[in-house]
Protein chains: 2
Amino acid sequence: MTTPTRNALTDVAGLRVGHATRAGGGGWLTGTTVVLAPEGGMTAAVDVRGGGPGTKETDALDPRNVVRRIDAVTLTGGSAYGLDAASGVMAWLEEQGRGVRVGAGPREVVPVVPAACVFDLGRGGEFRARPDAATGRAAVEAAAAAAPGSPVAEGSVGAGTGAVIGGLKGGVGTASTVLDSGVTVAALVVANAVGSAVDPATGALYGRLFAPEPARDGGPHPYPHPHPHPYPYPSPETHAAARERIARARQETAEAVGGPASPPMNTTLAVVATDAVLGRSQAQKLAGTSHDGIARAVRPVHLLNDGDTVFAVATGARPLDEKNPLALNDVLTAGADVVTRAIVRAVLAAETVRGPGGTFLSYRDLYGS
Amino acid sequence: MTTPTRNALTDVAGLRVGHATRAGGGGWLTGTTVVLAPEGGMTAAVDVRGGGPGTKETDALDPRNVVRRIDAVTLTGGSAYGLDAASGVMAWLEEQGRGVRVGAGPREVVPVVPAACVFDLGRGGEFRARPDAATGRAAVEAAAAAAPGSPVAEGSVGAGTGAVIGGLKGGVGTASTVLDSGVTVAALVVANAVGSAVDPATGALYGRLFAPEPARDGGPHPYPHPHPHPYPYPSPETHAAARERIARARQETAEAVGGPASPPMNTTLAVVATDAVLGRSQAQKLAGTSHDGIARAVRPVHLLNDGDTVFAVATGARPLDEKNPLALNDVLTAGADVVTRAIVRAVLAAETVRGPGGTFLSYRDLYGS
């Protein structure tokens, strides 16, 4: 396995990613991210494991149901209100004549745009500052304007703008891998969980213990084999200082919002993508096993107040080995691993936010990268 | 949170565990394990995540279906053939008059005995040496004969007798915890996975990185805070030696069985139990999130040739806080953690097997405990 150039969802040929970020004042700290399929669409499936999900058009993805291909997936802040962003994506797709043909005319289409939201209400200071159809349109237009294979911005952008994970600043992360078969598997996540990405006993990022970022371009493995430590573990002094700063930040947030900031709902979202040919049931299996990648990066997870949702999409450029009934296994394994790595990258890319909705420290500020 | 005396499934008051082990010659290396409910039964649910499951009476556990309580769960070796063990458990329960009442007489019952199997065919040398109804009866009789709160044998016993995980010897493991609310959450696993419990880069047990075994009886945490290393990591020399021995064992097995031993199917099974009052849908949520505990101890997991299945059972002695809609979260978190710990214990309790079906080295033999 190797890591492609971008280490991003856009390493799956044909996929584009666009962010619309709403931040920088006026109570805003939210946004929307769109994954846009190549012309002709992509196979898609979903697995919802959180106990407090907020989703739209997920039932259409059941492999027993009629829609075979979709053109876009929308991830958004704004909790259930923010699902309106998908309407802006639909409107743009309708203008392009992309969607399920339902009439004689080339523009008589219904685009199926599955969407899932994270909870970030009030994190910018204003409960009602949330994505709407215009935000969704801005995100899909940004995706459409991006050149194929473009890098994907990470951290506090798009649907990750207001993300918080275990009290630290969360955000968007992405990662990819190429299997020995040549199949690419990639993930884009919005990390915004009730649980923590950080082992409270050590300050280590859980995901790094499991799936260290592989070397790029054939370079050396990032930690000396066969012994990993001390790579994933910050020093005890750094960890102690971080704990103090987190306690102070919690206090600042409580003062800013006039009460404890601990939000009632969170949610980690992921889009796992591959250029393999997958049937819809295979894609659903991939969506399910990719949740294992969240479990390895976040603990606890899938709680009643997480809405953890994984979409799996396949562009269908590379057939799996038809003679091997277990050929999908490598894709499943990689799907979980790229999700773990993407969550680590999301947390490392996030930047500290101090605003009227609270103080959300970044891992990098506390522990370095 | 504290760890109860037994650190076992039997810390949930009223539950009994019985093993029937078939090993020691004649091609046998398999067995059956039964979890027996207290009189009156227990609430139960199931979540099947593996791609190659072998189960019986799992549809009856759907919360929408009629059966509300069950008397026993059967875990068994022997792949789908071994599910016959559940028939022996049914026969014993029928004799006790335990089961769903379907007629006027006290003995007119149908016991619903959900069961799941692991693949271990041929590991003792004889493909046809597998559990049957008599094995199931022996296991449930052993459970019934055990005093309440008895310790639970771990390692190569019962359904874990022939278990192999990532090429090393697997087996049965169990662990428990008591929440601050007083609720006990415990797990019993049969660790028999395609994936590995051991990080191939370091020799560390994945599960130890995530959920180190807590101190018993208020003693010190098993590794020095806040810095864990070197606790979970064997020395590079030990790891290198282990890799060599594993390669030799693979060779021995290939010679013993006349081909590569890598079995086509595996499966990790778990029973997660609590004394909390859970509705059937809550139990199903617990079964689902407990799979996260497998994901943290085994990588990769939930593959097409794993039949990973988790049963959740609740004896209903302790109501959750009704005023807190998130009260279940602590049980969910603990469920995943006790599964991770139980898998670590299973691997540490397993003993090396050298037989006509192959050589299966134990982690303890390779790395110490």
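Chain identifiers are assigned alphabetically (A, B, ...) following the order of the sequence lines, protein sequences preceding nucleic acid strands; residue numbering begins at 1 within each chain.
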Can you establish whether the number of heavy atoms outside A:D62 located under 6.0 Å from its atom CG is more than 12?
yes
Determine, for B:D337 against A:R299, whether the closest basic-nitrogen to carboxylate-oxygen distance falls under 4.0 angstrom.
yes
B:H291 and its side chain to side chain donor-acceptor pair (under 3.5 Å) partner, picked from B:H302, B:R296, B:R49:
B:H302
Most contacts with chain B, counted as non-hydrogen pairs under 4.5 angstrom, among A:P300, A:G51, A:G288
A:P300
Of all of B:L303, B:V301, B:T333, B:L326, which one pairs up most often with chain A through heavy atoms under 4.5 Å apart?
B:L303
Segment of B:V298 engaging chain A (4.5 angstrom heavy-atom cut-off):
backbone
B:T289 versus chain A, heavy atoms under 4.5 Å apart: side chain, backbone, both or neither?
side chain
OH-OG1 distance between B:Y367 and B:T202, expressed to the nearest 0.5 angstrom
7.5 Å
